[in-house]
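Letters go in sequence order (proteins before strands), and every chain restarts at 1. Side chains are part of it too, since the values below use all heavy atoms of this structure and drop only hydrogens, waters and symmetry mates.
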Amino acid sequence: MTPIEPIAERRPQHLPNDEPACCKPHPFVDVDRLSLHYGEKSAFQDVTLSISKGRITALVGPSGCGKTSFLTCLNRLTDLIPACLVSGRITIDTLDVLAPQTDVIRLRRRIGMIFQKPNPFPLSIRRNLEFPLREHGLRDRTQLSTAIETALRDVGLWDEVKDRLDSPALALSGGQQQRLCIARALALSPEMLLMDEPCSALDPISSGIVEDLIVRLRGRYTILIVTHNLAQARRIANDAALFWVHNGAGRLIEAGPAKQIFEDPRDPLTAAYVSGMRG
Amino acid sequence: MTPIEPIAERRPQHLPNDEPACCKPHPFVDVDRLSLHYGEKSAFQDVTLSISKGRITALVGPSGCGKTSFLTCLNRLTDLIPACLVSGRITIDTLDVLAPQTDVIRLRRRIGMIFQKPNPFPLSIRRNLEFPLREHGLRDRTQLSTAIETALRDVGLWDEVKDRLDSPALALSGGQQQRLCIARALALSPEMLLMDEPCSALDPISSGIVEDLIVRLRGRYTILIVTHNLAQARRIANDAALFWVHNGAGRLIEAGPAKQIFEDPRDPLTAAYVSGMRG
Amino acid sequence: MVKTLSRSQNPREWLAFVLVWGAAAVVTATFCWLLGDILWHGLSRLSWTFLTAPPESAGRRGGIGPILVSTFLILGVCLAVSLPIGVGTAVLLAEFTLDQGLFGRMTRRSLDVLAGVPSIVFGLFGNAFFCKTLGLGFSILSGGLTLACMVLPILIRSTEEGFRAVPASYRLSAAALGLSRTTTLLHLLLPAAVPGLIVGLVLGVGRAIAETAALIFTSGYVDRMPESLLDSGRALSIHIFDLSMNVSGGDANAYGSALVLVVLLLLINGTASWLATVGLHRKIVTV
Amino acid sequence: QTTGTNQLSGKLVVTGASTLAPLISEIGKRFESLSPNVRVDVQTGGSSRGVADARQGLADIGMVSRAIKDEEKDLHAFPVARDGVGIILHKDNPVQSLTDEQVIAIYTGKITNWKDVGGKDAAITVVNKAEGRSTLEVFLHYFKLKNADVKAQVVIGDNEQGVKTVAGSRHAIGYVSIGTAEYDESQGVPIKLLQTGGVTASTETVRNGTFPISRPLHIVTRTQPAGLTTAFIDYAQSKAVHDIIAQQYFVPLVN
Amino acid sequence: MTSLHSNTLFHWSTDDCLCWFLRGLAAVAGTIVIVIVTFLIMEALPVLQRIGLLRFFTDPSWHPAEGFYNLTPMLWGTLFAMAGSVLIATPLGILSAVFCHYYAPVSLGRLYRRLIELLAGIPSVVYGFWGLVVLVPMIGEIHPPGPSLLAGILILTIMILPTIALMADASLANVPQQYLRGAAALGLPRWATIRGVVFPAAKSGLFTGVILETGRAIGETMAILMVCGNVVQTPSSLLDPVRTLTANIALEMAYALGDHRAALFVSGLVLMAMIVALAIAAEWISRGRIYG
Ligand SMILES: Nc1ncnc2c1ncn2[C@@H]1O[C@H](COP(=O)(O)OP(=O)(O)OP(=O)(O)O)[C@@H](O)[C@H]1O
Ligand SMILES: Nc1ncnc2c1ncn2[C@@H]1O[C@H](COP(=O)(O)OP(=O)(O)OP(=O)(O)O)[C@@H](O)[C@H]1O
Ligand SMILES: [Mg+2]
Ligand SMILES: [Mg+2]
């Protein structure tokens with residue numbers, strides 16, 4: 001392995017204030033010195049970052065640097081993983097996410113998540129959307145079908161599937177499945193979306209469609225997207241953050257407006273990464 | 001899904017002769033109207049292509065267009081898949097690959113293959129290399145250890161593992177595992193290497209190391225590499241071929257010297273693909 | 001692998017080829033012999049009356065009607081008890097990963113031991129606990145409960161496997177949608193784990209229906225048609241044992257009963273693998 | 001008698017000797033058919049269990065396939081049938097008779113080859129019964145042996161296992177219930193019964209009392225029987241069940 | 001540091017109730033073994049208190065009617081029968097599974113698997129019956145008496161073979177396809193692939209299979225009782241009759257009273273001890289396995 005120069009006490013250089021004042025970003029999520037350990041192994045350490053409301057923040061970095069792990073802290077999916085230890089502080093709006101008394105069910109309703117591999121449930125298309133809605137207390141039939149239609153229209157899937165709402169969701173193509181998953185998350189009207197490489201398992205055409213969809217959702221939702229595809233990040237993100245593995249644990253190297261990160265990075269590692277020298 | 005314009009009877013435009021005469025490529029593999037069906041489903045159809053000796057040929061194209069399937073025809077790994085039907089003709093040197101009387105064991109010894117996911121056997125590092133060698137008739141202990149050392153040096157792994165040859169191969173990192181797999185193939189002194197996205201499961205650093213290794217092997221081996229990473233293809237390939245899915249089956253769209261494919265593609269689809277508009 | 005049968009010149013390959021086919025042939029031959037023996041002697045006994053009539057003259061003549069009924073009742077009790085406990089335990093062990101602490105480990109270990117307990121020891125235990133201490137006497141209930149203890153580990157093991165085979169993505173995406181664990185379990189995981197459950201059921205039922213040693217001391221010997229679960233009832237395998245070991249001239253009916261038992265097993269296995277393929281098929285179609 | 005049983009109702013639990021179980025089970029069935037409200041549950045085990053269960057009240061009636069021992073005199077015993085214990089050999093064995101001394105010598109391992117008692121030159125396979133069985137006790141009692149002295153090559157459980165073992169082994173010697181052996185012999189199973197003390201072993205000689213190794217088959221109760229129990233015991237001892245006794249290859253008692 | 005493991009705090013109504021309910025069920029399942037052992041000990045206690053455990057291994061013989069309680073010959077009987085049958089059944093069973101997966105045509109393999117599944121469920125009395133009337137006389141022809149350790153081993157082999165064959169079958173099915181493709185791509189022939197790649201990859205499953213079949217071999221009762229001869233002696237050859245601990249219980253339990261009965265419960269305890277030892281061995285092996 002090629003050695004990397006030691007990064008002595010490097011602090012993330014998050015500069016949320018260098019944008020024009022007209023659209024001054026308003027922080028929605030505040031992450032303070034967050035670390036995550038899987039048993040002995042550290043996934044990432046000491047991440048301090050704030051994510052602005054209504055914007056798309058892209059998280060980039062090499063494989064294994066803890067991007068996915070970072071996302072799962074925000075909606076406390078980490079609870080499902082045994083021997084997983086989170087320390088630090090996450091504040092969403094005014095909610096202390098990591099506090100034990102936090103109602104995770106409500107938290108997760110507020111924060112939708114899309115995974116790398118499209119993962120609709122093995123149910124019909126309709127049931128995929130209806131089932132979480134019902135669980136969250138929506139029982140009325142007409143309201144349900146309106147919500148389903150709205151969500152499917154939002155992701156541009158309505159016309160493609162309206163005639164076969166009761167056929168199995170897993171019979172859809174990969175891109176359609178991913179959009180269905182997004183619709184499923186949107187149906188619960190979350191405030192924020194976490195997306196973990198939502199396009200990387202899709203063929204180029206579906207990937208393009210999903211990407212367009214994400215752009216359309218900007219403004220309405222706060223979106224945090226992990227991607228390997230730097231071109232994509234460049235195309236869609238307002239803000240960007242770069243993670244890197246250092247001494248076996250992920251670190252936040254640099255964060256800021258996408259334009260600055262991609263065109264004028266402050267950190268030599270960022271510069272190397274975005275110029276495609278590595279990765 | 002966005003419709004693609006029908007590609008009426010498009011024939012691959014393989015132009016092996018537009019290179020300077022000094023290094024005129026000498027065809028090593030000749031594929032003639034090859035088609036592959038998995039039961040009812042067609043993986044690719046009517047591929048005609050020739051691969052030159054000692055050069056790196058990159059196979060690119062969107063997911064599911066039959067790249068992996070194409071590779072497995074060349075060393076007849078298709079034999080392992082029930083209900084898999086291959087038609088057409090493949091000639092390697094003078095050997096008719098698809099003829100039933102062909103000795104597949106010898107064929108596969110002549111053609112090494114590297115898979116997308118590193119797949120060392122669940123044995124020690126040494127046994128991973130020793131075992132295939134022994135099976136192919138090398139019994140002498142000193143010869144064996146020389147062969148092992150040579151192969152490991154070839155892939156730059158010797159210094160990293162020489163002190164722990166008897167520890168399990170699965171404890172190596174992904175990049176090391178992949179290099180071990182390459183070493184395992186090289187140890188049998190094949191004439192040709194098939195590589196199916198050898199870097200895509202690796203982190204950027206390991207990926208760079210493996211890429212450098214592949215470049216170092218050029219000339220000594222005929223290499224056919226599948227990759228999703230166009231930048232990588234551009235960096236390392238002498239020749240390139242683009243597959244595309246059309247009507248549910250893969251087709252060869254264009255093949256030729258890498259320079260021409262990437263800089264002056266003849267086919268609009270190729271142009272769109274290599275410019276990154278899709279994919 | 002099938003088509004790779006290369007005409008390799010390697011003598012070791014040939015030796016292995018011969019050995020593997022030889023082993024399969026030996027096993028098949030032995031089993032055909034055994035099954036043939038049962039079939040040969042048992043087939044002539046098989047008839048509708050044999051299946052329905054009560055045994056006469058200690059089983060030398062007549063049929064096995066009440067014995068079949070008792071066998072099914074014992075099985076029924078066994079499943080009615082072991083299924084909920086088994087599935088519940090499997091869910092806990094497989095899904096509530098946070099319970100992997102001391103409690104989970106101890107449970108797992110004690111189940112491992114339970115899986116190995118000889119059936120005769122179950123018989124001793126069932127007799128002492130269900131028949132005597134709980135006062136159930138020789139009854140179908142005692143027998144069924146004893147068998148339930150016996151099949152539990154098998155059931156738990158394979159149901160757990162079934163749960164583990166369900167992709168983790170279901171759990172993660174359900175949790176990300178803010179669904180509770182109970183909902184996730186009931187609506188997503190349980191249906192997906194059904195094939196594993198079925199395999200466990202087949203293995204368990206197979207073991208239960210074939211059991212002799214544990215039943216001799218618990219469900220008893222009475223070959224009358226049972227009227228309640230507290231009646232004693234003779235299971236098929238005990239009937240076979242008694243006919244062949246204790247009743248002179250009982251061999252013919254012993255063979256007949258053995259054949260019935262084998263056919264029953266065949267039916268159960270067949271149904272289960274059919275169910276499993278249907279389940280699997282459904283999964284694949286919907287997947 | 002049948003008129004009396006019509007009003008009877010209840011359940012009788014009978015446990016004990018496996019030898020007796022099929023017989024009592026069949027008698028019970030006929031008894032049930034006569035008085036439809038009665039259930040007779042028969043469980044096997046062994047004579048000792050019949051005694052123990054009757055004593056502890058776990059069973060209404062115990063079955064004991066041997067004479068009542070002195071320490072069991074507290075129980076009320078009712079003989080229902082007789083059975084003999086006969087020595088069997090394989091049919092192809094040329095030996096036609098053995099003296100008591102020869103049997104003792106064979107069972108204690110002093111004679112180990114058939115040629116010493118006039119047979120072929122072959123090792124003797126001694127088949128003994130497992131500890132606790134009444135047949136064993138009766139056999140040991142007659143030959144005044146201790147089980148610890150017996151040198152057996154095969155130990156068996158129930159009668160049919162003994163018959164099958166001897167039938168399957170040309171050089172075996174064993175002892176089983178005469179009824180069982182007689183029936184099997186008549187069915188073409190390759191065994192033969194030997195004379196004992198100069199008397200042919202058959203149900204006939206057991207019936208007339210000349211065969212020396214025989215045992216009474218008892219049912220026992222803890223207290224003086226009453227009601228249903230009495231009715232059943234009376235019925236089991238009556239002539240009405242003699243055909244069943246014969247059917248099960250035992251010897252009815254001549255009152 | 002915040003431990004987040006108590007996520008169910010606010011869902012008492014559903015998740016926690018379910019969890020506690022399931023824990024209750026699991027507790028029932030988990031306690032059965034303890035209850036069994038307790039009952040065995042309670043029943044065995046009278047004789048253990050009177051004569052002590054040691055005499056079960058030092059008495060001159062097993063004649064409970066006369067007050068001798070030596071279990072060692074039966075312990076040896078159990079161990080020999082177990083060892084013999086495991087030694088034969090393991091290779092046969094594994095080769096059977098290999099046959100299903102890598103040698104037989106698909107349809108034949110499926111048929112063969114069905115056959116083995118069927119055999120897994122055949123009751124032991126049927127095996128014993130067959131052994132008694134077919135196998136034992138055959139052995140008797142070669143060397144009297146016939147009922148012997150050998151007969152026991154052969155019958156046990158047939159009985160436990162399905163266990164190991166099915167377990168091996170399942171673990172071979174779990175061998176990742178990538179190993180097979182990797183081996184094929186290296187031009188390795190079939191047996192070499194199986195020996196060098198498949199077996200190491202399936203090792204832990206195969207071990208589990210061996211453990212399971214050993215358990216069955218120790219615990220088998222009815223068939224063994226019918227074919228082993230049941231003489232209480234330490235066998236000096238394969239053709240000697242033996243009695244196993246399980247057969248001892250089945251043969252004498254129905255007839256035993258008092259100390260004799262308690263002594264049989266001691267046999268049961270010894271069997272349990274063997275099973276526990278086996279479980280510990282299994283744990284130890286699975287912990288010691290090197291290449292996951
Ligand atoms: N459940 C787990 N248990 C133990 N270690 C884990 C677990 N999940 C992830 N890790 C480890 O934590 C580190 C960070 O993993 P993570 O999946 O967050 O990386 P990532 O940046 O998302 O990578 P990728 O780009 O490949 O998805 C890795 O070294 C990984 O091996
Ligand atoms: N074993 C198989 N059975 C049936 N269909 C298969 C099988 N393997 C591949 N296919 C199908 O054949 C087509 C070509 O697959 P292939 O794996 O060759 O594509 P690929 O170009 O390598 O894709 P990727 O870039 O995702 O690896 C796909 O539609 C795939 O679903
Ligand atoms: Mg990730
Ligand atoms: Mg591929």
J.: Are there residues of residues 209-226 of chain E that reach to under 4.5 Å of chain D by heavy atoms, and which ones?
T.: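 So the qualifying residues are Leu225(E), Met226(E).
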J.: Could you check whether any side-chain heavy atom of Ile156(D) comes within less than 4.5 Å of a side-chain heavy atom of Leu251(E), counting everything from C-beta outward?
T.: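 The answer is no, as the side chains (C-beta and beyond) never meet within the 4.5 Å cut-off.
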J.: Among Ala130(D), Ser47(D), Ala148(D), which has the most heavy-atom pairs under 4.5 Å with chain E?
T.: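 Of the options given, most contacts go to Ala148(D).
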J.: Tell me, out of Gln161(D), Arg133(D), Gln153(D), who's got the most heavy-atom pairs with chain E below 4.5 Å.
T.: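 The residue among Gln161(D), Arg133(D), Gln153(D) with the greatest pair count is Arg133(D).
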J.: Would you find more than 12 non-hydrogen atoms of other residues, nucleotides or ligands less than 6.0 Å from Lys146(D) atom NZ?
T.: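 Counting other residues, nucleotides and ligands, NZ of Lys146(D) stays at 12 neighbours or fewer.
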J.: Please classify the contact of Asn128(D) with chain E as side chain, backbone, both or neither, using a heavy-atom distance under 4.5 Å.
T.: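 Answer is neither: Asn128(D) stays 4.5 Å or more from chain E.
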J.: Do you know the tightest heavy-atom contact between Val231(E) and Val154(D)?
T.: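 What the structure gives for the nearest pair is CG2-N, 3.5 Å.
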J.: Sort Arg170(D) into side chain, backbone, both or neither according to what part of it lies under 4.5 angstrom from a heavy atom of chain E.
T.: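 For Arg170(D), the contact with chain E is made by the side chain alone.
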J.: Are there over 12 heavy-atom neighbours, none belonging to Lys73(D), within less than 6.0 Å of that residue's NZ?
T.: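 Count over threshold, so yes.
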J.: Using non-hydrogen atoms and a 4.5 Å limit, figure out which bit of Pro64(E) sits close to chain D: side chain, backbone, both or neither.
T.: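 It is both, since atoms from each part get that close.
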J.: For residues His63(E) and Asn147(D), report the shortest heavy-atom separation together with the two atoms involved.
T.: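 Nearest heavy atoms, His63(E) then Asn147(D): NE2-O, 3.6 Å.
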J.: Measure Arg261(E) against the heavy atoms of chain D and call it side chain, backbone, both or neither at under 4.5 Å.
T.: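 Neither part.
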J.: Measure Ala172(D) against the heavy atoms of chain E and call it side chain, backbone, both or neither at under 4.5 Å.
T.: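 Neither part, no heavy atoms under 4.5 Å.
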